[in-house]
Structure formats: C-alpha cells, structure tokens
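What follows is a set of notes on a single structure, which appears directly below.
When a residue number appears, it is its place in the shown sequence, counting from 1.
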Amino acid sequence: MRHAHWWQRAWVRYGALSTLLVISGLVILALVREETGTEGFLVGLGLAVLPVPLLIAAFRWLDRVEPGPWRNLLFSFAWGACAAALIAIVANSFATQWIATATADPTRADTLGATVIAPVVEESAKAAAVLLVFLFRRRDFTGIVDGVVIAGVTATGFAFTENILYLGIAFGTDQLAGHSGIASVTAATFFVRIVMSPFAHPLFTVLTGIGFGISALSADRQHIRRVAFPLSGLLLAMGMHAMWNGSSAFGEYGFFAVYAAFMVPIFGLLTWLVIWTRQRELRTVRTELPPYAVAGWLTPAEPYALGSMRARRIARQYARRHAGKTAARAVAQYEAYATSLAFLRHRGRRGRAGADFVVRERELLEELWRRREAARPALDHAARITAPPVPVAAPPWPVYGAYGYGHPTTPYSAPATPYSAPATPYPAYETAYPAYNPYRS
C-alpha cells in the first residue's frame with residue numbers, strides 16, 4: 001500500500017485544526033476586549049458563562065442513549081465560540097459598512113445587516129462545525145439526536161462569545177451614563193439574553209442539526225435526500241434567526257409577540273421531537289440486540305436492561321458500589337458499545353450501513369467481550385430490579401392442596417429441584433468467542 005501524504009496524517013489535521021481554533025480565539029478575544037474594554041469584558045464574561053453549563057448538561061443528557069465522545073463536543077463549542085464568532089464579526093461588519101456606503105443610509109444598513117446578513121453569515125458559520133463532524137466523525141454521527149447535540153453545543157459556544165460582547169458593551173454604556181441596578185442597560189440585556197432566551201441560538205442551529213441527522217439516516221444511494229435535508233434545515237435556521245432579529249421592527253411589543261407566538265412553541269416542539277427520538281432509539285436497542293443474545297454474545301436479560309435508561313443507571317451504580325469506579329466506567333462503555341452495535345445492525349437491515357459493516361460489527365463485539373465480566377452482573381441485577389411484574393393466571397384445573405384436595409393449610413409443595421440447571425448456563429463463554437455466530441460474513 002502507498003504511504004499517506006503528510007497532509008493526510010491524523011496528527012497534521014489535528015494540529016492544523018487546533019492552530020486555527022487557537023488563532024481564532026486570540027483574535028476574537030482581542031476584538032471583543034477592544035470593543036468593550038477590559039472591565040466590560042470581565043463583566044460580560046462573568047455573566048455570559050452562567051447559562052453555558054446548563055445548556056451543555058441539557059444536550060449531554062439528550063445524548064445519554066449513545067453518548068458521543070467529549071472531543072466532538074469540545075471541538076463544536078470551540079468552533080462556535082472562536083471560529084464562527086470571528087467569521088460573523090468580520091463578515092457582518094464588512095457587509096454593514098458596504099451597504100451603508102452604497103446606500104448612504106446607516107440606519108437602513110443596520111436593519112438589513114441584522115435581519116438579512118447576520119442570519120445568513122452566522123448560521124452558515126455554525127453549520128460548518130456540524131458539517132465537519134458529519135464528514136470526518138461519521139461513526140459518531142448516526143441520527144437526529146447526534147445532529148441536535150453537535151449543533152446545539154456549537155450554537156452555545158457562539159452565543160457565549162456574543163453575550164460577552166453585548167453585555168460588555170451594555171456595561172460600558174452604563175458606566176458612561178451613570179446607570180446601575182435594575183434600570184441599567186446591563187440588567188435589561190442580561191434579562192433578555194441570559195434569562196429569557198439562552199436557547200435562542202441553539203434553537204436556530206438545531207434545525208440545521210436535524211437536517212444533517214436525517215441525512216445520516218438516509219442510504220448512501222439517496223443523494224438528493226442526503227443533500228436536500230441539511231440545506232433545508234439551514235434555510236429554516238436562517239429564516240427563524242431573521243424573524244427573531246427583526247422582531248423589534250414589529251412594534252413596541254414585537255419582541256414579546258415573536259417570543260410567545262414562535263420561539264416558545266417551536267422550542268417545545270423540538271424538545272418533544274428530540275425526546276421522542278431518544279425513546280425510539282431505546283426501542284431500537286431492545287429490538288436489535290436479542291439476536292446477539294441468541295448467538296451467545298449477550299445474556300438474555302441484557303437487551304431489556306440496555307434498552308432502559310433507568311436500568312442502565314442502576315447497573316452503573318451497582319458496579320460502582322460493589323467494584324469501584326473502574327467497573328462503573330467499564331459498564332458505561334459496555335452500554336455505549338452495545339447501543340452502537342444495535343444502531344449498526346438497524347442500519348444494516350435497512351441497507352444504510354457502509355462497506356465496513358462487518359469490520360465495525362466485529363470491533364464492537366470484541367469491545368463488549370472485553371468488558372463482559374464487569375458489565376454482566378451489573379446489567380443482570382438492573383434487569384431484575386426494573387423488570388415489570390408478570391401476572392400469573394391460576395390454572396383452570398384443580399391443584400392438590402390449594403383448591404380442595406387435601407387440607408387447605410397444607411398447600412402443594414413443589415419438589416426441591418424440579419429441573420436440573422446446567423452447571424454452565426452459557427457454555428460458549430468458556431471460549432474466546434461463541435462457537436456459533438450467525439452474523440459472521
């Protein structure tokens with residue numbers, strides 16, 4: 001095989017991307033500090049960071065069924081906070097100045113910049129992060145939830161930098177005017193951007209992420225579908241962003257009208273969609289894993305336990321309580337690999353798996369096999385705890401002792417050992433791999 005060129009090596013790509021993000025971060029830091037001043041920058045930073053942990057935790061919670069690696073979230077946040085913010089500041093300033101010069105009307109230029117230029121530039125810059133993860137981390141991008149998480153974290157980073165700028169400028173305005181307290185511009189800006197609408201930017205970009213998620217669920221031969229849905233999501237994100245920015249032009253209460261009539265209902269609808277998708281993913285796990293239990297790779301109780309978030313949590317807690325943090329980490333990894341295996345088989349049955357289906361399936365099975373000793377007792381315990389009660393109907397025929405034959409206080413007692421259980425319930429576990437695997441190509 002030919003050796004890869006130097007620019008195709010992984011460390012070169014990681015280095016170039018990291019350098020780009022670091023340079024973008026330093027430049028955006030200098031621009032924001034120049035615009036707000038040192039004191040305004042520090043005040044804006046302290047206030048803008050408040051919603052970030054809550055938003056990151058919310059998106060991470062949505063991704064608990066098949067959690068993606070932290071490096072993808074770190075890249076997405078850094079891209080939104082550094083690269084996308086820098087692109088937006090430079091492009092928006094240039095476009096607004098060009099319109100003001102061409103029309104000799106600065107007020108109209110600001111309005112066009114906020115309602116037309118900014119939505120297009122900002123949503124395109126944020127969508128670039130989703131596109132990069134979609135192209136270069138394809139194994140981690142398998143559906144709608146992945147698109148929502150990557151897009152939401154990217155937009156959270158972008159909103160973080162933008163909030164520093166707006167809050168810092170507001171603080172500087174209050175310093176010049178001598179305002180303070182609730183009546184200050186800083187308090188009003190904080191209320192609108194941090195309290196009322198911390199989800200605004202994530203809400204816009206999530207539409208783009210949903211488009212990429214639908215594209216990820218499409219087969220490779222469906223070229224139009226794979227391109228049309230991401231573009232449609234991007235256009236919807238731009239349109240909603242433009243409506244949000246232009247709400248001030250709808251009158252004194254235009255902002256509140258748009259907020260109540262569009263933002264809140266759409267936020268609720270998207271939240272329902274993501275939670276419904278998450279429940280659907282759990283059903284996919286319960287449906288796709290039983291054949292691997294039949295083949296000997298999993299125990300019979302594992303598909304049910306892995307398809308329940310409560311059972312997963314109980315399994316991790318059980319492992320931590322009885323074997324320590326290392327075992328709990330192994331159980332969490334086991335759950336993630338099993339979920340990836342279920343999704344892979346689901347795509348394979350629908351003709352959407354890639355050419356490396358067999359190789360990837362074998363890799364996931366081997367990862368599960370390495371962690372089986374720590375994971376199986378915990379999952380078995382979780383399955384017993386969370387299993388729904390099974391009603392047992394009384395037999396239609398009379399039973400000796402219990403239904404009139406014999407003394408009523410002496411019920412029928414079953415033999416001590418009615419069935420002789422084998423010493424090794426799963427003999428296949430004695431070898432490195434099960435003797436029978438129907439999914440081997």
Side-chain angles (χ1 to χ4, degrees), residues 51-68 72-73 76-77 80 84 119-120 122-131 133-134 140-160 162-163 192-218 225 228-247 255-284 309:
V52 172
L54 298 177
L55 291 171
I56 296 295
F59 287 115
R60 191 63 177 173
W61 177 82
L62 292 175
D63 201 30
R64 291 306 299 169
V65 176
E66 189 188 18
N72 290 348
L73 301 185
S76 301
F77 185 86
V120 174
E122 294 176 7
E123 294 306 323
S124 299
K126 289 181 287 183
V130 187
L131 177 63
V133 176
F134 180 83
D140 303 329
F141 204 124
T142 58
I144 293 176
V145 174
D146 295 316
V148 168
V149 171
I150 296 300
V153 173
T154 303
T156 300
F158 183 89
F160 169 66
E162 190 177 67
N163 287 337
V192 171
R193 300 189 65 88
I194 306 299
V195 177
M196 285 191 64
S197 58
F199 56 85
H201 272 288
L203 184 61
F204 307 147
T205 314
V206 156
L207 297 173
T208 304
I210 291 175
F212 276 98
I214 297 175
S215 178
L217 294 173
S218 305
R225 179 188 176 97
F229 276 101
L231 288 178
S232 300
L234 178 59
L235 292 176
L236 287 174
M238 292 177 181
M240 193 169 180
H241 195 159
M243 181 179 60
W244 174 255
N245 285 359
S247 60
F255 167 80
F256 297 99
V258 171
Y259 183 86
F262 294 97
M263 297 293 289
V264 174
I266 293 176
F267 175 79
L269 179 63
L270 291 180
T271 302
W272 171 84
L273 174 63
V274 173
I275 294 177
W276 176 83
T277 303
R278 172 173 157 156
Q279 295 301 318
R280 184 182 179 185
E281 290 180 345
L282 291 173
R283 288 196 299 269
T284 299
M309 296 305 296

Exercise for the section: For residues Gly143 and Ala216, report the shortest heavy-atom separation together with the two atoms involved. Expected result: N-CB, 4.2 Å
Problem - Neighbour count >12 (heavy atoms, 6.0 Å) for atom CZ, Arg280 - result: no
Completion exercise
Arg60 and Pro67 have their tightest heavy-atom pair at NH2-CB, 3.9 Å
Handout entry: Leu207 side chain reached by Leu270 side chain, heavy atoms, under 4.5 Å
Key = yes
Problem - Least distance between heavy atoms, Pro265 atom then Ala260 atom - result: CD-O, 3.3 Å
Identify every side-chain donor-acceptor pair in residues 195-205 under 3.5 Å, counting partners at least two apart or on other chains, and give the distances.
from   : atom 1 : to     : atom 2 : distance (Å)
Ser197 : OG     : Val192 : O      : 2.6
His201 : ND1    : Lys126 : NZ     : 2.9
His201 : NE2    : Glu162 : OE1    : 2.7
Thr205 : OG1    : Glu123 : OE1    : 3.3
Thr205 : OG1    : Lys126 : NZ     : 3.0
Thr205 : OG1    : His201 : O      : 3.2

Practice task
Quick one: sort the Phe134 and Phe141 rings into parallel, tilted or perpendicular, breaks at 30° and 60°.
Solution key: perpendicular
Problem - Minimal non-hydrogen separation, Leu234 against Ser124, with atom names - result: CD1-N, 4.2 Å
Fill in the blank from the handout: Those residues at least two apart in sequence (or on a different chain) that pass side-chain hydrogen bond (donor to acceptor under 3.5 Å, both in side chains) with Asp140 are Asn72
Handout entry: Side-chain touch Thr156/Phe59, heavy atoms, less than 4.5 angstrom
Key = yes
Practice task
Kindly write out the residues that satisfy side chain to side chain contact (heavy atoms under 4.5 Å, CB included) with Ser232, not counting sequence neighbours, or none if the list is empty.
Solution key: none
Practice task
State, yes or no, whether a side-chain contact exists between Phe229 and Phe212 at a heavy-atom distance under 4.5 Å.
Solution key: no
Exercise for the section: Report the C-alpha separation of Arg278 and Trp61 in whole Å, then their side-chain angles, then the decisive distance to 0.1 Å, and conclude whether the side chain to side chain contact (heavy atoms under 4.5 Å, CB included) test is met. Expected result: CA-CA 10 Å; Arg278 172 173 157 156; Trp61 177 82; 3.4 Å; yes
Fill in the blank from the handout: Heavy atoms of Val130 and Gly209 approach each other most closely as CG1-CA, 4.4 Å
Fill in the blank from the handout: So CG of Leu236 and OG1 of Thr208: to nearest 0.5 Å the spacing works out to 8.5 Å
Problem - Minimum side-chain heavy-atom gap Thr142-Leu217 below 4.5 Å - result: no
Problem - Close side-chain approach of Val133 to Thr154, heavy-atom, < 4.5 Å - result: no
Problem - Residue pair Phe77 / Phe160, side-chain heavy-atom distance below 4.5 Å - result: yes
Exercise for the section: May I have the step-by-step check of side chain to side chain contact (heavy atoms under 4.5 Å, CB included) for Leu273 and Ile210, ending in yes or no? Expected result: CA-CA 10 Å; Leu273 174 63; Ile210 291 175; 3.9 Å; yes
Handout entry: His241 and Glu122: CA distance, side-chain angles, deciding distance, side chain to side chain contact (heavy atoms under 4.5 Å, CB included) verdict
Key = CA-CA 9 Å; His241 195 159; Glu122 294 176 7; 2.8 Å; yes
Practice task
Please name the pair of heavy atoms, one in Ser76 and one in Val153, separated by the smallest distance, quoted to 0.1 Å.
Solution key: CB-CG1, 4.1 Å
Exercise for the section: Taking Asn163 for its side chain and Arg193 for its backbone only, find out whether a donor-acceptor pair lies under 3.5 Å. Expected result: no
Handout entry: Ile144 side chain near Val274 side chain, heavy-atom distance below 4.5 Å
Key = no
Practice task
Please examine the side chains of Pro119 and Met243, heavy atoms only from C-beta on, and report whether any two atoms are closer than 4.5 Å.
Solution key: no
